[in-house]
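Chain A is the first sequence line, chain B the second, and so forth, proteins listed ahead of strands; every chain is numbered from 1. Given the structure is predicted, the values throughout are model-derived calculations rather than measurements.
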Amino acid sequence: MVPKPPPKAPLTAAIASVIRQIPRGRVSTYGAIAAAAGYPRCARHVSKVLNQVPGLPWQRVLGSGGRISLPGEYGFEQRFQLEAEGVRFKGRRVDLATFEYHFPRTPRGALRRRP
DNA sequence: ACTGTGACACTGG
DNA sequence: ACCAGTGCCACAG
């Protein structure tokens with residue numbers, strides 16, 4: 001039997017996993033990541049995961065429309081990092097049509113809002 | 001068990 | 001186009 005599987009924050013682990021799938025030179029958004037992890041309405045939680053789990057490609061995560069949500073100097077840092085990977089900006093935004101990474105599939109049945 | 005939190009998304013002015 | 005306000009929802013203390 002299993003000694004002790006970590007039934008901790010399934011959402012956190014799922015989101016972290018999804019973020020790691022983003023290849024270099026591509027980006028994604030909070031909402032898309034949350035949805036790909038199976039939790040469509042938990043975009044806000046993605047930010048929490050980025051702060052909790054180190055080693056993630058945090059710079060590849062953008063807000064809706066390809067905007068940088070991270071304020072302050074870190075925001076510029078993010079922009080530099082992305083440009084270093086080949087991601088181009090149009091004004092303050094990234095052209096998602098070109099650089100957004102589309103995840104292969106939602107790992108689990110996505111929670112859908114009840115009608 | 002309850003309350004606060006968060007690098008959001010979306011809508012209206 | 002931009003800003004401010006509102007809704008959202010699982011996690012952590």
Side-chain angles (χ1 to χ4, degrees):
Chain A
M1 69 170 39
V2 230
K4 181 131 201 186
K8 263 182 141 178
L11 181 157
T12 302
I15 288 178
S17 179
V18 169
I19 294 174
R20 282 185 200 123
Q21 317 296 315
I22 307 173
R24 190 172 172 290
R26 299 279 174 191
V27 301
S28 190
T29 64
Y30 297 89
I33 289 169
Y39 298 80
R41 304 307 175 272
C42 293
R44 305 195 80 166
H45 215 331
V46 175
S47 60
K48 213 169 277 215
V49 173
L50 288 172
N51 278 291
Q52 294 244 334
V53 183
L56 296 175
W58 60 271
Q59 66 265 38
R60 295 174 194 156
V61 184
L62 301 170
S64 63
R67 289 190 306 87
I68 288 183
S69 300
L70 186 59
E73 297 297 325
Y74 291 97
F76 287 91
E77 176 86 20
Q78 179 174 22
R79 176 160 180 156
F80 295 137
Q81 294 275 352
L82 288 175
E83 290 184 323
E85 292 186 1
V87 177
R88 306 271 212 83
F89 277 74
K90 297 195 120 170
R92 298 187 185 130
R93 302 184 164 186
V94 169
D95 182 4
L96 292 180
T98 304
F99 298 102
E100 182 174 21
Y101 174 68
H102 297 277
F103 298 98
R105 262 190 193 191
T106 63
R108 306 235 124 255
L111 275 62
R112 291 201 299 208
R113 204 186 198 175
R114 317 178 335 179

Side-chain atoms of residues 17-30 of chain A: list all donor-acceptor pairs with protein atoms under 3.5 Å, sequence neighbours left out, distances to 0.1 Å.
from: Gln21(A); atom 1: NE2; to: Ser17(A); atom 2: O; distance (Å): 2.6
from: Arg26(A); atom 1: NH1; to: Thr98(A); atom 2: O; distance (Å): 2.6
from: Thr29(A); atom 1: OG1; to: Ala32(A); atom 2: N; distance (Å): 3.2

In this structure, CG of Leu62(A) is separated from CZ of Arg93(A) (nearest 0.5 Å) by 11.0 Å

Fill in: Heavy-atom side-chain proximity of Ile33(A) to Val49(A) below 4.5 angstrom
no

In DNA chain B, stems of three or more consecutive pairs, Watson-Crick or G-U, each with both distances under 3.5 Å, turn out to be B:2-6 with C:9-13, B:8-13 with C:2-7

The side-chain contact (heavy atoms from CB on, under 4.5 Å) partners of Arg79(A) (sequence neighbours excluded) come to Ile68(A), Glu83(A), Phe89(A)

Contacts satisfying side chain to side chain donor-acceptor pair (under 3.5 Å) that involve residues 60-74 of chain A (not counting sequence neighbours) are Arg60(A)-Glu85(A)

Nearest-nucleotide check on DNA chain C, Gln52(A) vs Cys42(A); residue mapping nearer the 5' end is Cys42(A)

Per-nt protein contacts along nucleotides 6-13 of chain B (heavy atom under 4.0 Å; B base, S backbone sugar-phosphate only, - none) come out as BBBS----

Sorted by chain and residue number, the ring pair (Phe, Tyr, Trp, His ring centres under 6.0 Å) partners of Tyr101(A) (sequence neighbours excluded) come out as Phe103(A)

Can you confirm whether Gln78(A) sits close enough to Trp58(A) that some side-chain heavy atom of one is under 4.5 Å from a side-chain heavy atom of the other? yes

* Side chains of Phe99(A) and Leu82(A) in contact at under 4.5 Å (non-hydrogen atoms) -> no

